[in-house]
Amino acid sequence: MNRRRFLGAGLASLGAACTLPAVRTAPAPPRVALADVRRLVVERADPIAGRCRYVADLGARQVPQPILLARRGESFDGVIENALPQPTTVHFHGLTLPEAEDGAGFDPIAPGERKRVRFEVKNRSGLYWFHPHPHGFTAEQVYAGLTGLLVVTDEDDDALDAALALAPGNRLALAVADARVGGGALRPYAPSAEDCLHGWLGNRALVNGQLDTRWSVSPGWVRLQILNACNARGLLVAFREGETLVPFHLLGTDGGLLAAPRELERMFLYTGERVDIAIDLRGRRALAAVSLEFDPRHHTRGAAPRHRHPARERYAPLAAETVCESASGGAAEGRLEDGAELALFALRVDGTPMRTPSLPSRLSVLPEPGAQPETPTRRMRLDFDEGAGFLIDQTPYRADETAFSVSRGTREVWEIRNSPISMPHPMHLHGFGFRVLRRRGTYGDARRLATEPDGRLATDLGVKDTVVLWPNETVWLAVDFTLPQEAAFRGAQRFMFHCHNLEHEDGMMMRNFSVI
Ligand code: C2O
Ligand code: CU
Ligand code: CU
């Protein structure tokens, strides 16, 4: 989108803010088979506002910002081309990939360079995603628009769609981000020191890159796969018709379907996390998806120390003048506090009502955790220090350091503790899905949603790759470090464990580990 059209879109929606916006159906992003992509180009969409985009080159066609589709077992074999003025990588968040293909930032693609990437999708059906991961530039590039969705399907997924008897258009994959909109325009990334402490927060939701999105759906079931693609904002997702909260059914989490659906009225969705849900639209006319107000527990005060990743020194920011330097100043326009209510998107139900089939009681067979919280293999602690910044085990990130090694094929229990004077940290593990075994010390708003054994929330029940820890909380995770037998996975493989608040990530809240 060029700058003029972007401005126009912003103004039109601001002008309509007090009344119901005119019915406008968001264009569905183009869907492309992962296996057909020959080249994935990472480029600037608009040099002025610093917007960027992915373009999938299919040989005969170029498709900007596609949703990629893959069947479990299908492969990608293509070239990633970096047309940005900064180094980048493409990290496939949630997939089990060897170090060389994971795009974790050990080996960034320099401006103007390309890299051949080949892998097979081994994961269960679910919503996965891809985004830049070059150390020190991740937050800026993701905010600039570099977020892509990858929908993986398999037989469980087919069976579910068939059971729901989904009408065409009633299955959507949505990347929900927040953007700063001020003066009718999207503000470029220019975080102050305070933004680098709490994270860069916007005041308007962007869904698949668009403001004020609304979809027309048919009566019956609607299935939504939702990613929190915000840099830092936690979402407490709910659906409203008028003043009433409309119940929905949780079907799956980051790494695919649950064993059985759960009926909910609200759920936390932190950055990097995904959910798969179904809503019964019988008797409904219009639904508004919102993030409800909650206490986000940002207990940390002070300022984050300035972290200039050494890699940044040679490159200018995409749009902003400075990153993490000004005290708070100019860029604060358009900052809405974390935990404030935020409208996300709308669904409008059109068509003749029909019967909704009942939900299947079994959705999938979940991999067993195979480990107990009583016997943690490792303990980790999350801290903040005014001098040293965000820390995992008292250590800021060092690209050349391997924090620990894990033997392949073993099952470990990780006990992770967030300090009391802290903030929520959505912690992400590369390469391996895990199961949440237990939570302890969970705070008010989240504690009320802890309906499951061992203090867990319904959203903890599936396979996860990202899990939020509120201040003072301890979680126990079971991770199965089995890697595929193929040649690509031979030898020591490095992976990362890090906070997915992207300002914390760029602020060095990461560790490398190795599977040997
Ligand atoms: Cu979604 Cu290491 O990232
Ligand atoms: Cu990842
Ligand atoms: Cu964090």
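All ligand and atom numbering here is 1-based and tracks the order in the structure. Since this is a predicted model, take the numbers as computed values, not measurements.
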Check: Do you know how many protein N, O or S atoms are within a distance smaller than 2.8 Å of the Cu ion (ligand 2)?
Finding: 2

Margin query: Do F513 and R378 make a side-chain contact, defined as non-hydrogen atoms from C-beta onward lying under 4.5 Å apart?
Written below: no

Notebook entry, point to check: Taking atom types as modelled, is there a side-chain donor on H93 or T466 under 3.5 Å from an acceptor on the other?
Noted result: yes

Checklist line | Within-2.8 Å protein N/O/S contacts of atom 2 (Cu) of ligand 1 | finding: H133 NE2, H430 NE2, H498 NE2

Check: Given side chains that start at C-beta, do those of D454 and P373 come closer than 4.5 Å, heavy atoms only?
Finding: no

Note to self: Could you check whether F497 and W414 have their ring centres less than 6.0 Å apart?
What the structure shows: yes

Margin query: R31: which residues meet the side chain to side chain donor-acceptor pair (under 3.5 Å) condition with it, sequence neighbours left out?
Written below: none

Notebook entry, point to check: Side-chain contact, heavy-atom cut-off 4.5 Å: H135 with P87?
Noted result: no

Note to self: Do L382 and M427 make a side-chain contact, defined as non-hydrogen atoms from C-beta onward lying under 4.5 Å apart?
What the structure shows: yes

Note to self: Counting the benzene-type ring for Trp, do H133 and H430 have ring centres under 6.0 Å apart?
What the structure shows: yes

Notebook entry, point to check: side chain to side chain donor-acceptor pair (under 3.5 Å) with R266: which residues, sequence neighbours excluded?
Noted result: none

